[in-house]
Amino acid sequence: MEPVNGAVASARDEVGDRRESADRDAPGREAGEVARSTFLNRADRANLLRYMAMMRSAEERAITLYRQGKIPGSFYDGAGQEAISVGSSYALGPRDRMCILHRDLGAHFVRGVTPDRYLANYMGRAGGVTGGRDGNLHFGDRELGCVGMVSMLPDMAPVATGMALSFKLRGEPRVAMTYFGDGSTANGQWHEALNFAGVHLLPVVFVLENNGFAYSTPNELEFAVDPVERAATYGFPGELIDGNDVEAVFEASRIAAARAREGGGPTLIECRTMRMHGHGAHDDMRYVPPEMFEEWSARDPIDRYGERLVAEHGFSADEVERIRAEVKAYVDECAQTALASPMPDPATATDGVFADDLTPLGDGKAPWSYWAERPDVERSAA
Amino acid sequence: MEPVNGAVASARDEVGDRRESADRDAPGREAGEVARSTFLNRADRANLLRYMAMMRSAEERAITLYRQGKIPGSFYDGAGQEAISVGSSYALGPRDRMCILHRDLGAHFVRGVTPDRYLANYMGRAGGVTGGRDGNLHFGDRELGCVGMVSMLPDMAPVATGMALSFKLRGEPRVAMTYFGDGSTANGQWHEALNFAGVHLLPVVFVLENNGFAYSTPNELEFAVDPVERAATYGFPGELIDGNDVEAVFEASRIAAARAREGGGPTLIECRTMRMHGHGAHDDMRYVPPEMFEEWSARDPIDRYGERLVAEHGFSADEVERIRAEVKAYVDECAQTALASPMPDPATATDGVFADDLTPLGDGKAPWSYWAERPDVERSAA
Amino acid sequence: MSAATEVTYLEAISDGLRQEMRRDPSVLCIGEDIGAFGGAFKVTDGFIEEFGAGRVMDAPLAENAIIGAAVGAAAEGLRPVCEMQFADFISCGFDQLVNVAAKMHYRQGLAVPMVVRLPSGGGFSGGPFHSQNPEAWFLQSPGLKVVAPATAADAKGLLTAAIRDPNPVCYLEHKGLYRYVKGEVPAGEHEVALGEARLAREGGELSVITYGSGVHLALEAAADLDEDIEVLDLRSLCPLDTEAILASARKTGKVLVAHEATQSCGVGAEVAALVAAEAFEDLDGPVRRLTAPDVPIPFSPPLEQAVLPQLDDMKEACRELLAY
Amino acid sequence: MSAATEVTYLEAISDGLRQEMRRDPSVLCIGEDIGAFGGAFKVTDGFIEEFGAGRVMDAPLAENAIIGAAVGAAAEGLRPVCEMQFADFISCGFDQLVNVAAKMHYRQGLAVPMVVRLPSGGGFSGGPFHSQNPEAWFLQSPGLKVVAPATAADAKGLLTAAIRDPNPVCYLEHKGLYRYVKGEVPAGEHEVALGEARLAREGGELSVITYGSGVHLALEAAADLDEDIEVLDLRSLCPLDTEAILASARKTGKVLVAHEATQSCGVGAEVAALVAAEAFEDLDGPVRRLTAPDVPIPFSPPLEQAVLPQLDDMKEACRELLAY
Ligand SMILES: Cc1ncc(C[n+]2csc(CCOP(=O)(O)OP(=O)(O)O)c2C)c(N)n1
Ligand SMILES: Cc1ncc(C[n+]2csc(CCOP(=O)(O)OP(=O)(O)O)c2C)c(N)n1
Ligand SMILES: [Mg+2]
Ligand SMILES: [Mg+2]
């Protein structure tokens, strides 16, 4: 995957100046306030843009495939929420673990899944991450340290908690991260996971994507008080941030991961955002007041970050444009690869209900150069 | 049931002076501080003592029956927690509804269940509330407005919430009340119920009995922060009170019920207490530090209330003694009735899996004279 | 018989529900996205406008709370109809269903009239969490009635009966039939008694005993094969119409039990066991089952088709038994 | 064969668990009150002293969290053994079990080696929530292995195998057998392969196919009746030893399937259906079932006895089939 790799490689040169220890006391930011991380160099910033653009492009490509009838079943995307999965996963190390949800394609890309495997998965091809066994974003590449989500929400919260438990039991400085939406906070498993993680101060980072709705159900019908307030009652910090600001997400995640790694326990990060598409492709969003779209269009995480790269970080407008164009071209290539992948062999349909042996999780890609330079961590090749 | 009825009747004479509207702004009391309700008259106070003593006597009688092999299965009681179920249920009206838990025998008595039916239920007799279908305190007398608990904790929280929902939908000034223990707050259903009740501001009173342990598991392994703190994050008040002070429990419940009735939504009342017996009769409580018993013995809710009746409410020591003795004699009588009840007919074992018609809930007894005198409420005969 | 109009299975469900809500003010709906959105499958489209948000209640994402609240409301005299967004999500409300709702009457003599609507079934790449047929879980949970209509008329008639029944009823509506199946449905009140199977096709050589999507597969296979095949549509899985099952088995002497759910301990096992116990002397051949094998339902079309019983599988199974 | 000592079924479970924890540092226990208290049935008595609170973890009262955390820990290379305080409480962890644990390998190629210990069964006035036998729910949830030992040796051997297996295994330990059953158990490592039935008694006239508490009832009945009865102890319910079942059915030509769980869609239905399909030509009589009827298990002894299969019921059922 050329464009991203190049950028990641160059990031290694600039790492020396920011190997500070994690800042555990950074104050929470108000939603809307622009964040600027001192832990990111130029290459990282290009990466953040690139991964967000990749998510956008891949999902747009997928929508086309869906409209062409190449994607069976339904289609779900995370348009408008790209900053969350990209910014948060970018703060993790290779041996950290993730359970990635249905709006979080960017995190799969950061971990190392390539768009062809995503597209192939949606099309039910043999080359998809699950080889046609499951669809949508119901996948996790175990070789990249991910456990694939199930539909039932937020079932991955207890699972991530269990991974964090194993890190704590073994004394490993590792972190598990998972996501859930605002609606999912009403479910009992959310509570069970957060309570359990709080009791044992487990190294887990919970990322709440509050996009205002659970399918069609607005926040008012999901909870009476913003769930970020509950974190304190589980015994750990809750931070409310602007989910459309990728550096704010990165910073909050970096701090949370560092705290977790040092034995400080979980963090709940609430990212305020807006789902700009329907819950699924069939959803006309008639339940959303039109002015909400206008408001949030102006806060598009990718456009906004591109502008900031130019205004504050010495990128030229051309450079930003080129990154986005390169990504788009790359995704188009990936779509061809995916389309060339065959359908799975029906004769295999009943294979693998049971495992014959153990298949341990592998390590994920961790492009953040802070990790890349750590002598104790082997940076994975892309 | 002579002694209690007599007392209830006389309470009606003294009600005039305290028909104030419910005090919604009464401040929460710290655990340990002694409460004194202006909503109770002399007869009420005798009743509170009587019902607590009745719970104690009935459970002691049941332990004997258990030791004699007359109670099959296991045995559970609420020794030391009598003030909670008695004080809280005493604040309700006849058309209010209750889901009563395993430490809350007193509430059944306040609603109108007689000890013979409790003892018969534990012995699996036809005369028990469930006629031998279920044991323990897994019963609710539907004619008294109660829905019987199931083992799974805290499953009655959503059920009580649903009853409250129906009151709200029909615009009825009624209240549902249910109980759960400290351990049960870790379960997902607890969260689902409280969240749902908060979103819709339903007229439900949640009584948390924090007796320090879930079976053998101490508070520290159940939650990191006292669950009473969570009430605010569900959008309603949480009050921490001394669960061994029956008037404190009554007052908190009265205020919560009044708020619920007026559309003010749910309340979570945490009653701090201590379970003075094992989780079940088989439990040697080796997990409890001995000094805890000493500390809490000194705070026995019945002894303490008897002393207060003498010191502050013009009861003579003899009078208190007589109430307790009468209750004991009454319970002994009830035990004879229970023992005379036959075992259920095995031929009926498979009857009634399905209902053939509807059997609406009836109204409970409501001995608190505040209710007894309300013209719109028919006080049930005992 | 009242006037009948041709409607889809999905419309029949909506119509039945709307009619009961109009008739009986104690009927209310509770579920995720059933209000303004009209439900994931639009069964309650327009309901919130007609009945208001109190009777068409958008619930938080919390299935145990939905079913538990329904139990409480039912105990208070309402008749809640819960919608699981997909039948698969019943796993998240399972405890309230099997422990609280199911056992209430037996334990306490308290009736809890409530319906749990369960959009079930596969065939359209719903994958492992949007394709399940969980009916057998319910049959192993005494106290639940279970119905699974195959036709539009039964969709309405069984829903009406389920709502009027004083017990918790699991109502399995097969998503594959929503728009695929159309039929005459009585326009007025229409109730189909719980517990009565329907003879969907008469025949003398082989009984295909089935329900839900299996009925259509069986009818198509019977028509294609042009053989003397009887098709019994169970409709109610609990109570099960054992008389109708045994009568058909005794008549034809050969039984194929078919369903889309996975095999082990499925409804097919129950029916086969019943036949093997009670109609043994009349059997002219082994009792066979055509079901999904014991695997999660895969997403990709070729895999899903390999797992779910197809028309050819049905024909093959019929042929084999006929030839026995 | 290694040295054997006479221990109870309960001790055998403890011993097996302790031995695996000693052998393999990745094995850990998680459940309610299993630490200082040693578990509701004392299976883990003394474990926290030997293995520490990290490996003998007292969990909050939250079954989905317990099972979900176990899935996460298993994915990370640990081998968690979860204890449900009673099997009945699996309804509260059902979703994680059937959707997350069961389907993980099929969907994702990720093995989740974990055991869920389920103290099951009735007969001692446990009532509707402490007496259930939920195994059929698991058989309708592809991806779960299910075992149900009847003897002390199998209790240890199957637990050992379950812990070593790379899949989620539901381990049903019948509470009625805890202290009632005693037997020789190999003192060292002892593993009984999952999926192999055990011929508990050889006979030629009738096969009683059963498991768990049913095995003891069947053996007692066979001894009392003094007839040529074969008793097949399934031990594993998934995978099911279909060969052993069919071999026995073909040999005797008469089959009684017996278990304590309720009837509809139970394991008995599955075994009967299997026999009716595959051994039809060798059957000399109807396939019969002896199970609990479809009711919640009542508390009071006379009611409970009327519901759970008793020795007399077993004898009667055997006699009837023998006389057929
Ligand atoms: C337990 C459960 N019940 C119902 C659903 C159906 N469902 C799928 S997504 C969704 C809304 C989720 O909302 P939210 O958590 O806010 O996530 P978002 O999709 O907005 O990111 C619902 C109800 C589900 N996935 N899981
Ligand atoms: C869902 C569930 N899991 C496990 C149990 C087994 N169990 C019975 S009582 C109990 C402890 C309850 O503790 P708490 O809620 O504090 O109530 P207490 O008994 O102390 O009043 C447990 C674990 C249960 N009843 N329900
Ligand atoms: Mg959302
Ligand atoms: Mg407690």
Side-chain angles (χ1 to χ4, degrees), chain B residues 97 99 129-131 133-134 138-143 145-152 154-172 174 176 178 187-189 191-200 202 204 350-361, chain C residues 25-26 28 30 52-55 57-80 82 92-114 142-145 164-169 194-195 238-239:
Chain B
R97 297 291 180 248
C99 300
V129 186
T130 67
R133 295 307 180 84
D134 207 339
H138 294 180
F139 63 79
D141 187 333
R142 65 177 165 75
E143 289 175 16
C146 293
V147 175
M149 69 172 285
V150 304
S151 273
M152 287 70 195
D155 281 18
M156 303 322 283
V159 174
T161 301
M163 291 197 274
L165 174 65
S166 70
F167 304 152
K168 183 177 173 183
L169 290 176
R170 296 191 293 222
E172 298 167 343
R174 297 164 64 191
T178 192
N187 192 280
Q189 295 211 33
H191 171 74
E192 293 191 2
L194 271 72
N195 184 59
F196 190 89
V199 167
H200 293 284
L202 300 179
V204 53
T350 58
D351 295 351
V353 176
F354 293 109
D356 295 325
D357 46 32
L358 283 190
T359 42
L361 292 176
Chain C
S26 67
L28 82 162
I30 175 165
R55 290 182 66 198
M57 200 168 196
D58 271 326
L61 201 162
E63 284 75 10
N64 266 320
I66 291 172
I67 295 180
V71 171
E76 261 310 313
L78 299 180
R79 289 182 179 268
C82 305
C92 305
F94 200 65
D95 178 50
Q96 282 285 339
L97 183 69
V98 305
N99 281 318
V100 187
K103 297 175 182 165
M104 190 66 83
H105 190 264
Y106 182 76
R107 294 168 58 238
Q108 309 279 343
L110 178 64
V112 280
M114 56 186 276
L144 300 174
K145 294 192 176 179
R164 295 179 186 182
D165 197 88
N167 295 286
V169 183
L194 307 183
C238 179

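First the proteins, then the strands, lettered A, B, ... as listed; each starts at 1.
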Original post:
Where on C/A70 is there a heavy atom nearer than 4.5 Å to chain B: the side chain, the backbone, both, or neither?
Top reply: neither

Subject >> Portion of C/L144 that has a non-hydrogen atom of chain B nearer than 4.5 angstrom >> reply: backbone

**OP:** Please lay out, stage by stage, how C/D95 and B/Q189 fare under the test side chain to side chain contact (heavy atoms under 4.5 Å, CB included).
**Re:** CA-CA 10 Å; C/D95 178 50; B/Q189 295 211 33; 2.7 Å; yes

Original post:
For C/R164, is it the side chain, the backbone, both, or neither that has a heavy atom closer than 4.5 Å to a heavy atom of chain B?
Top reply: neither

Original post:
Once you round to the nearest 0.5 Å, how far does CG of B/L358 lie from CZ of C/R79?
Top reply: 4.5 Å

Original post:
Which distance, rounded to the nearest 0.5 Å, do you find between the NE2 of B/H138 and the CD of C/Q108?
Top reply: 9.5 Å

Subject >> Contact leader toward chain C among B/T161, B/V147, B/D155, B/L165, where contacts are heavy-atom pairs under 4.5 Å >> reply: B/D155

**OP:** Ignoring hydrogens and angles, tell me if any N or O in the side chain of B/T130 forms a donor-acceptor pair with the backbone of C/R107 under 3.5 Å.
**Re:** no

Original post:
Atom CE in B/M156, atom CD in C/Q96: separation rounded to 0.5 Å?
Top reply: 7.5 Å

Original post:
How long is the span from the CG atom in C/L110 to the CG atom in B/D141, to the nearest 0.5 Å?
Top reply: 10.5 Å

Subject >> Euclidean distance, B/D134 CG relative to C/M104 CE, rounded to 0.5 Å >> reply: 10.5 Å

Original post:
Is there a donor-acceptor contact under 3.5 Å from the side chain of B/S166 to the main chain of C/L78?
Top reply: no

Original post:
Between B/R170, B/H200, B/K168, which residue shows the highest count of heavy-atom pairs closer than 4.5 Å to chain C?
Top reply: B/R170

Original post:
Is there a donor-acceptor pair closer than 3.5 Å between any side-chain N or O of C/E76 and the backbone N or O of B/A164?
Top reply: no

Original post:
chain B heavy atoms under 4.5 Å from C/I30: which part of the residue, side chain, backbone, both or neither?
Top reply: side chain

Subject >> Contact class of C/K145 relative to chain B, heavy atoms under 4.5 angstrom >> reply: both

Original post:
Among C/G54, C/G72, C/A74, which residue forms the greatest number of heavy-atom pairs with chain B at distances under 4.5 Å?
Top reply: C/G72

**OP:** State whether the side chain of C/R55 and the backbone N or O of B/L169 hold a donor-acceptor pair below 3.5 Å, judged by distance alone.
**Re:** no

**OP:** Can you tell which part of C/N64 gets under 4.5 Å to a heavy atom of chain B, answering side chain, backbone, both or neither?
**Re:** both

Subject >> Which portion of B/D357 sits near chain C, non-hydrogen atoms under 4.5 angstrom >> reply: backbone

**OP:** Using non-hydrogen atoms and a 4.5 Å limit, figure out which bit of C/C92 sits close to chain B: side chain, backbone, both or neither.
**Re:** neither

Subject >> Winner by heavy-atom pair count (cut-off under 4.5 Å) against chain C, out of B/R142, B/H191, B/R97, B/M149 >> reply: B/R142

**OP:** To the nearest 0.5 Å, tell me how far B/T350 OG1 sits from C/Y106 OH.
**Re:** 7.0 Å

